[in-house]
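Taking it in order: structure first as structure tokens, then the write-up.
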Amino acid sequence: MATKTYDASDLSILEGLEPVRKRPGMYIGTTDVRGLHHIVWEIVDNAIDEAASKYANQIDITLNPDGSVTVEDNGRGIPVDKHPTLGISGVEVVFTKLHAGGKFNNSNYQFSGGLHGVGASVTNALSEWLTVEVYRDGKIYRIEFHSPKIGRTIKSGALKTPLQEIGKTKKHGTKVTFMPDKRVFDTIVFDADEMESKLRELAFLNKGVNITLQDLRTNANSERLCFCYEGGLIDFIDYINDGAEEKNKIIYLEGQCENFELQVAIQHVKSFTEKTYSFVNNIKTIDGGFHETGFKSAFTKCFNDYARNNNYLKPKDENLLGEDFREGMTAILSIKMQDAQFEGQTKARLGNQEVRTIVESIVVEKLEEFLKVKKNKSTAEYIIKQAIDAAKTREAARKAKQAQRTKNAITGAALVGKFAACISRDPLKNELFIVEGDSAGGSAKQGRDRRTQAVLPLRGKPLNVLKVNKRSRIYENEEIRTIIAAIGTDTEQDFNIDNLKFHKIIILSDADQDGFHIRTLMLALFYHLMPQLIHEGKIYVGMPPLYKVEKKDIIEYAYNDEELDKITSKLKSGYSIQRYKGLGEMNPDQLWQTTLNPKTRMLTRVTIENAMAADEMIGTFMYEGAAKRKSYIHKHANFNKVDNFAVKYGGK
Ligand code: 28F
């Protein structure tokens with residue numbers, strides 16, 4: 001028997017899965033609950049691949065009472081015969097070989113911060129045990145893996161029970177059950193809400209696939225949630241725009257070329273916010289990328305041509321801008337491709353240059369077809385008319401801003417009175433507190449560290465930027481002008497991060513409903529006028545304490561009910577509790593101690609998801625109908641819960 005010579009390609013088999021356990025972050029980004037969910041998505045992705053190649057249409061996920069997870073599809077079943085070159089069964093290849101995903105893989109997977117398409121073997125490596133059942137050719141096969149501790153080391157994802165036939169069956173597919181390894185993860189408790197929204201999204205992106213989730217951890221017969229959307233992205237747009245006003249006909253385009261598929265759904269409604277969501281191989285690219293730029297330029301080109309050819313634009317008129325066409329537009333773009341390169345801090349931007357022209361050519365071709373159809377004339381007309389309106393408003397806003405700027409420059413009006421500047425001129429040290437209410441503003445001005453902390457009290461609720469019907473009015477609003485002048489970067493296309501005067505902008509508002517609404521409005525304001533500040537992590541929400549506990553000369557502060565319980569059980573008796581209704585109730589020294597002092601305060605950094613959720617929420621207030629998403633939005637936009645990534649930014 002000739003000895004099997006291993007060539008380089010098999011090396012990864014030899015080294016096993018140790019590298020994954022040694023540096024999990026390289027493969028799944030983090031080992032918190034987000035990393036925990038990643039090892040489920042790797043298994044689900046393989047089932048989705050089987051569905052995308054039309055061999056499966058049912059994927060069931062179950063959260064088991066013992067904390068393990070089961071994922072099952074009704075596809076062909078992973079091959080059980082020996083792999084021609086590797087000499088092990090197909091199943092063992094899938095779970096022990098570090099390789100990129102199925103047909104549409106996302107390359108540089110080992111160095112893409114592990115966020116996408118690292119393969120099911122990573123799940124195996126980071127599980128205490130993992131069992132696979134394959135239903136194929138009328139037989140049931142089972143193979144078991146585990147990660148035993150041998151001496152001082154842990155063998156990751158090692159074979160425990162070799163592949164064997166264990167019975168007969170009429171069904172076909174693959175079933176994987178695994179127990180996440182508590183020696184790797186900070187928590188092995190899955191967040192069912194988070195999984196529900198991701199699975200719903202996957203069902204929208206993979207039309208016709210029935211994806212279900214059942215959480216048996218607390219209630220043995222809880223209902224199994226089912227997501228199946230025959231309409232795919234069209235149903236996705238309906239879901240997002242539920243309750244919007246003046247909903248236009250949804251434009252749906254799809255096309256492909258070799259190893260590349262594109263689907264896009266577009267709908268204009270009465271609003272001036274633009275919502276573009278893009279996905280690559282079912283991965284959400286929040287920071288956009290070349291697929292989005294290709295889509296946007298194609299859309300702008302087609303509609304300018306159409307506007308000219310149908311005399312909506314006179315020959316002497318300027319072309320309309322992309323942003324004019326995108327006012328009130330919701331678009332969902334989903335592409336499937338090979339060797340996707342993800343870039344940026346959170347690997348949420350597509351970096352393949354060639355994609356721009358591929359997307360542009362497919363969208364131009366399909367959109368021109370759509371515009372040629374007579375019955376689509378009214379939709380095209382609506383889009384062009386509101387774009388022409390938007391261009392006029394944009395012009396008026398520019399003039400209003402220009403006028404305000406010169407006025408500010410002359411009188412510095414925007415900053416007198418309210419604003420308490422700090423002494424230092426160093427943006428890397430300076431912090432700006434935007435504080436709700438004059439009394440709180442007063443004690444913040446007194447309690448702060450004047451050298452590096454500036455305070456801008458807000459008078460009542462800042463203008464709801466989404467509610468005004470004219471963009472120009474935003475820059476006429478006193479509050480907003482003051483905030484813009486204090487921050488220094490200017491806004492929208494005039495934004496320049498180099499002029500930022502603070503490295504932290506901290507929103508301080510009360511923990512009550514009013515404070516919550518103020519916070520939400522502020523996030524929407526930054527999201528619309530200075531989104532880069534959020535992307536660069538400059539915006540924070542301050543978390544004032546909810547309670548003050550006093551016993552003789554002991555004073556302690558609790559930021560939530562759990563902390564209050566800890567303090568009161570520690571003090572046992574003889575203490576008094578004061579519930580803070582607002583920042584204004586604190587004297588300057590208490591405010592410094594609990595909320596301003598970098599060494600003791602609690603801040604939460606605002607993420608683009610928080611801002612988007614806040615934007616949705618205000619948008620939702622305008623569209624009363626979309627109540628069902630309030631819970632999701634509340635979860636992401638509500639900072640009163642400590643678990644909302646609230647972290648102590650101690651030191652500087
Ligand atoms: C619950 C998770 O993993 N489903 C999968 C298949 C089907 C095939 C396959 C998978 C062969 C060896 C590369 C079947 N028949 N659900 C899943 N279903 N992998 S994963 O092949 C894997 C290749 O390694 C499959 C014919 N061709 C492919």
Side-chain angles (χ1 to χ4, degrees), residues 9-10 12-13 17 37-64 68-107 109 116-127 129-145 157 159 162-163 165 169 171-180 190 195 198-199 202-203 205-206 209-214 224 226-227 281-282 336 338:
S9 70
D10 306 328
S12 62
I13 290 261
L17 297 167
H37 286 171
H38 271 299
I39 66 170
V40 181
W41 302 140
E42 285 312 328
I43 304 297
V44 171
D45 284 354
N46 283 351
I48 289 275
D49 278 354
E50 192 64 358
S53 14
K54 305 291 173 228
Y55 291 108
N57 61 8
Q58 179 80 28
I59 301 172
D60 298 323
I61 293 100
T62 311
L63 300 179
N64 302 314
S68 66
V69 185
T70 298
V71 183
E72 178 169 2
D73 71 41
N74 64 345
R76 293 166 290 184
I78 305 178
V80 292
D81 50 325
K82 286 249 174 290
H83 193 277
T85 60
L86 298 172
I88 53 172
S89 69
V91 197
E92 252 181 281
V93 169
V94 171
F95 289 93
T96 58
K97 193 170 175 320
L98 270 178
H99 64 97
K103 183 178 159 208
F104 291 115
N105 63 5
N106 301 306
S107 68
Y109 56 85
H116 309 310
V118 286
S121 53
V122 168
T123 306
N124 185 19
L126 302 177
S127 294
W129 51 263
L130 183 143
T131 304
V132 189
E133 284 193 359
V134 172
Y135 313 109
R136 197 179 161 93
D137 311 327
K139 298 189 182 83
I140 304 175
Y141 298 88
R142 179 197 292 244
I143 183 168
E144 296 179 347
F145 302 94
L159 188 61
L163 185 69
E165 188 185 319
T169 178
K171 68 181 194 176
H172 49 84
T174 304
K175 179 164 88 168
V176 177
T177 303
F178 66 91
M179 175 66 86
F190 293 98
M195 292 178 72
K198 168 83 184 173
L199 293 172
L202 274 176
L205 294 169
N206 296 277
V209 182
N210 192 10
I211 302 177
T212 75
L213 172 67
Q214 188 176 33
R224 181 171 279 279
C226 298
F227 306 110
N281 300 341
N282 297 324
K336 304 264 172 83
Q338 293 193 325

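All values derive from a computational prediction rather than experimental measurement. Ligands are counted one by one from 1 in listed order, and the atoms in each one are counted from 1 as well.
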Could you list the atoms of ligand 1 found under 4.0 angstrom from a heavy atom of Asp73? 4 (N), 5 (C), 16 (N), 17 (C)
With atoms numbered from 1 as shown, which atoms in ligand 1 lie under 4.0 angstrom from a non-hydrogen atom of Ile43? 1 (C), 2 (C)
Just which atoms of ligand 1 are under 4.0 Å from any heavy atom in Val71? 1 (C)
Taking every heavy atom of Ile78 against every heavy atom of Val94, the minimum-distance pair comes out as CG2-CG2, 3.9 Å
Salt-bridge test for Lys171 and Glu72: reply yes if a basic N is under 4.0 Å from a carboxylate O, no otherwise. yes
Which of the numbered atoms in ligand 1 are below 4.0 angstrom from a heavy atom of Glu50? 6 (C), 7 (C), 18 (N)
Partner residues of Arg142 under the side chain to side chain contact (heavy atoms under 4.5 Å, CB included) criterion, sequence neighbours left out: Thr131, Glu133, Glu144, Ile166
With sequence neighbours left out, the residues meeting side-chain hydrogen bond (donor to acceptor under 3.5 Å, both in side chains) with Arg136 are none
Enumerate the atoms of ligand 1 whose separation from the nearest heavy atom of Gly90 is less than 4.0 angstrom. 12 (C)
Take the angle between the ring planes of Phe190 and His37 and call it parallel below 30°, perpendicular above 60°, tilted in between. parallel
For ligand 1, the portion of Arg136 having any non-hydrogen atom under 4.0 Å away: side chain
Is ligand 1 less than 4.0 angstrom away from at least one heavy atom of Pro79? yes
Under 3.5 Å between any N/O of Lys175 and any N/O of ligand 1: does that happen in this structure? no
Please state whether Gly77 comes within less than 4.0 angstrom of ligand 1, counting heavy atoms only. yes
Just how far is it from atom CG of Leu199 to atom SG of Cys226, taken to the nearest 0.5 Å? 11.5 Å
Between Glu72 and ligand 1, does any nitrogen or oxygen pair lie at a separation below 3.5 Å? no
Interatomic distance, CZ@Arg224 vs OG1@Thr62, rounded to 0.5 Å, equals 3.5 Å
